[in-house]
Every structure is written in C-alpha cells, then in structure tokens.
Amino acid sequence: MQQFKVIGIMSGSSLDGADLCYAEFTLENDAWTYNNLLGETIPYNPGWQHRLEQAGVGQAEDFIRMHIEYGQFLAGIVNSFIAKHQLKVDLIASHGHTIFHQPNHRFTCQVGDGASLYALTGIPTVTDFRNVDLALGGQGAPLVPVGERDLFDHYGMFLNLGGIANLSIFDKSNKILAYDICPCNLPLNILCEKYYNKKFDEDGLISSRGKLNNEILETLKGLKYFHEAPPKSLGREFILGEYLEAVEAFSVSPEDKLHTLTHHSTDEISKAINRHRGHSRESNVLVTGGGVYNQFFMEILKNKCEAPLIIPPSMIIEFKEALIFAYLGILRVTNKTNALSSVTNASSDSIGGALWG
C-alpha cells in the first residue's frame with residue numbers, strides 16, 4: 001500500500017484565482033482512491049490579475065521576474081493553507097497559470113516557478129506538466145483524462161466548464177477521446193468587465209436579457225477551429241484574438257453579444273456530447289467548473305443535450321482539476337505515465353513534469 005498527502009494547484013484561464021486542493025491518496029490492489037478532501041480558491045488581487053493578463057506582452061526580463069514572483073506568491077498561499085488546516089504534505093503539484101499555448105509550434109508556458117515553491121515551502125514540487133508531451137508532438141492537453149480514468153469511473157463523459165470548455169469521452173472499451181470544445185467562461189467574463197465593470201455575469205442574468213444575433217453566431221461557427229477534428233486544444237491567444245475580434249466587429253448591444261456567446265458555447269458543447277453519447281461507456285456526463293453556477297447557461301445547455309448532466313458536490317465542481325493535478329504529481333514521482341498519446345496525439349505516452357526537491 002502506498003500513501004501520499006498532496007496539494008494540487010490550478011489556475012485557469014478565467015483568472016478568478018488559484019485553486020488549492022489537498023487530498024490523501026492511497027494505492028491498494030492496483031487502484032488509487034482519495035479522501036479527506038480540502039479545497040480553497042485564493043482570489044487574485046487586481047495587481048496579480050493585471051500581471052497575469054498582460055504577461056504575454058512586454059520585456060523578457062519582466063516576464064521572468066513575474067514567473068519567479070508568481071512562484072513565490074503560490075508558495076505563500078500554500079504555506080498559509082497548510083498552517084490554517086494543520087496539514088502534513090508530502091508533495092505539491094502545481095499546474096501554474098498558462099500564458100502561452102501554441103501546440104502547433106510545440107510550446108506552452110505555465111508560470112509559477114517550481115524552484116521558488118520548493119525553496120519556500122520545503123516540500124518537493126512538480127511543475128511544467130505539459131512540456132514533454134509538446135516536445136513529443138502532442139497538444140500538451142488535455143491531461144486530466146488520466147485522473148478521470150483512475151479516480152472517477154462511474155461516468156461516460158466529463159465536461160469541464162472553465163474559461164475553456166473541454167470534454168473527455170470514455171468509450172465502451174475504456175478508450176479515451178478528449179479535447180477542448182470551445183471558449184466558455186473567459187469571453188463572457190472579458191465582455192462583462194469591459195461593458196459592465198463586473199468580473200462575471202452572475203447567474204447569466206445579463207446574458208438572459210439579450211437576444212440571439214445570428215450573424216455573430218454564424219461567424220463564430222465558421223471559425224476554422226470548430227471544424228478541426230480532435231485531438232485539439234485552445235489557448236488564450238485564440239480567444240483574445242480571432243474569437244472576440246469576430247464578436248466585437250458587430251455593432252450590437254453587450255447583452256446580445258453575451259447572449260449569442262452563450263448560445264454558441266452551448267451549441268458546440270451539446271453537439272459534441274450528442275455526437276459521442278451513443279459510444280460512451282455510460283450515458284451520463286459529469287459537469288464541473290465555474291460555468292456550472294451560471295444558471296442561464298446551464299438551462300440552455302440541458303435543453304440542447306441528449307445525455308443526463310450530473311452536477312456533483314461543490315468540492316468536486318470547483319476543485320476537480322486541482323485534485324487531478326495532485327494525482328498527476330504522484331504519477332510523476334512514481335515514474336508512471338501521466339500523459340496519454342491517444343488523447344494528445346503525441347508520438348508516445350509520457351511522464352511529464354519537472355521535479356524540484
């Protein structure tokens with residue numbers, strides 16, 4: 001029997017904060033289980049939010065400084081989390097925050113210096129999970145299907161509604177297809193901030209007041225990404241670039257833009273779910289991520305989907321990805337595969353992550 005006490009750290013493209021998830025993992029009879037789950041989201045103050053938003057532009061020296069200081073920031077919140085809950089921790093597994101993701105050029109970049117995390121916490125730390133897969137010609141994403149396979153086995157599909165919506169499908173022989181479907185919370189949040197000075201559209205109330213604009217909808221549907229076959233993955237560059245530029249080219253009300261974005265995302269998500277439901281090992285879909293709390297979005301999505309959408313307890317809704325990266329860290333330190341070529345289209349499976357300490 002093996003046991004690990006791990007903190008997983010995840011920061012998504014929606015920039016709402018850093019998710020910390022503690023869990024105790026046990027390997028027994030070739031199966032991993034977890035218990036004593038704790039989670040907390042540490043919101044970014046305006047300074048950190050601005051630095052992370054702007055990290056893709058500017059001088060190289062500024063970028064490196066931010067990378068180091070963000071690692072120090074993560075170490076500080078981890079130390080506080082440990083002290084608050086009086087935890088003993090064997091390992092930290094940090095996804096970091098994605099600044100660049102361009103798999104066609106074989107690079108990705110998640111900031112949050114692992115050396116700083118290790119030095120300031122004294123706990124061995126795994127970072128840079130995606131880079132080996134990229135070097136092998138893969139997308140570097142998604143990686144969470146490994147954890148979905150090993151930790152959650154009662155669902156046929158897994159939908160995460162974060163800044164980007166991604167889907168994992170397990171077929172009847174347990175083969176996995178997983179990919180990023182479309183932008184989700186991120187463009188909605190950006191337009192809310194721009195037009196209403198709000199971080200997000202609570203319950204989708206603003207979106208619900210708008211009307212569908214078919215010209216915008218058809219323009220978005222025509223973008224090349226939505227006609228490419230998986231495996232495929234999205235980066236912030238696409239959303240801030242051609243996706244939102246296509247929306248902002250139209251002179252319609254902000255409410256109509258938000259409403260239309262909601263319909264585009266739910267169209268793409270439901271199309272993917274409906275296409276795969278007959279081939280998945282179970283008919284149900286586990287739905288997690290902050291988009292679950294957008295009531296208007298979820299009402300529309302449920303009406304379009306032909307498969308049952310299962311909403312788990314809030315701890316799993318909010319911390320499933322951080323939990324899975326904690327698990328991927330264990331696989332790294334035990335020299336087990338944590339990136340699947342069948343999912344990412346790399347030339348081979350791999351063991352990804354840089355170990356500090």
Decide ring-ring contact (aromatic ring centres under 6.0 Å, His included) for His105 and Phe100; before the verdict, give the C-alpha distance in whole Å, the side-chain angles of both, and the deciding distance to 0.1 Å.
CA-CA 11 Å; His105 298 114; Phe100 302 107; over 10 Å; no

When you look at Lys175 and His279, which way does the side chain to side chain donor-acceptor pair (under 3.5 Å) test go after all the steps?
CA-CA 10 Å; Lys175 290 182 180 178; His279 309 290; over 6 Å; no

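Enclosure of atom CG in Asn174 by more than 12 non-hydrogen atoms of other residues, nucleotides or ligands within 6.0 angstrom is indicated. Atom CD of Gln59 sits in a sparse spot, with 12 or fewer heavy atoms from other residues, nucleotides or ligands closer than 6.0 Å. Within a 6.0 Å sphere centred on NE2 of His227, other residues, nucleotides and ligands contribute more than 12 heavy atoms.
Between Arg130 and Asp133 there is no salt bridge, since none of the side-chain N atoms of the basic residue sits less than 4.0 Å from a carboxylate O of the acidic one. With salt bridges taken as basic N to acidic carboxylate O contacts below 4.0 Å, one links Lys199 and Glu193.
Phe296 pairs by the ring pair (Phe, Tyr, Trp, His ring centres under 6.0 Å) definition with His259, not counting sequence neighbours. Residues passing the ring pair (Phe, Tyr, Trp, His ring centres under 6.0 Å) test with Phe81 are His85, sequence neighbours excluded.
Under the 3.5 Å distance criterion, with hydrogens and angles disregarded, no donor-acceptor pair is assigned to the side chains of Gln110 and Tyr70. Under the 3.5 Å distance criterion, with hydrogens and angles disregarded, a donor-acceptor pair is assigned to the side chains of Asn160 and Thr288. Under 3.5 Å, the side chains of Ser341 and Asp349 contain a donor-acceptor pair of N or O atoms.
Put simply, the side chain of Pro183 reaches to within 4.5 Å of the side chain of Leu234, judged on heavy atoms.
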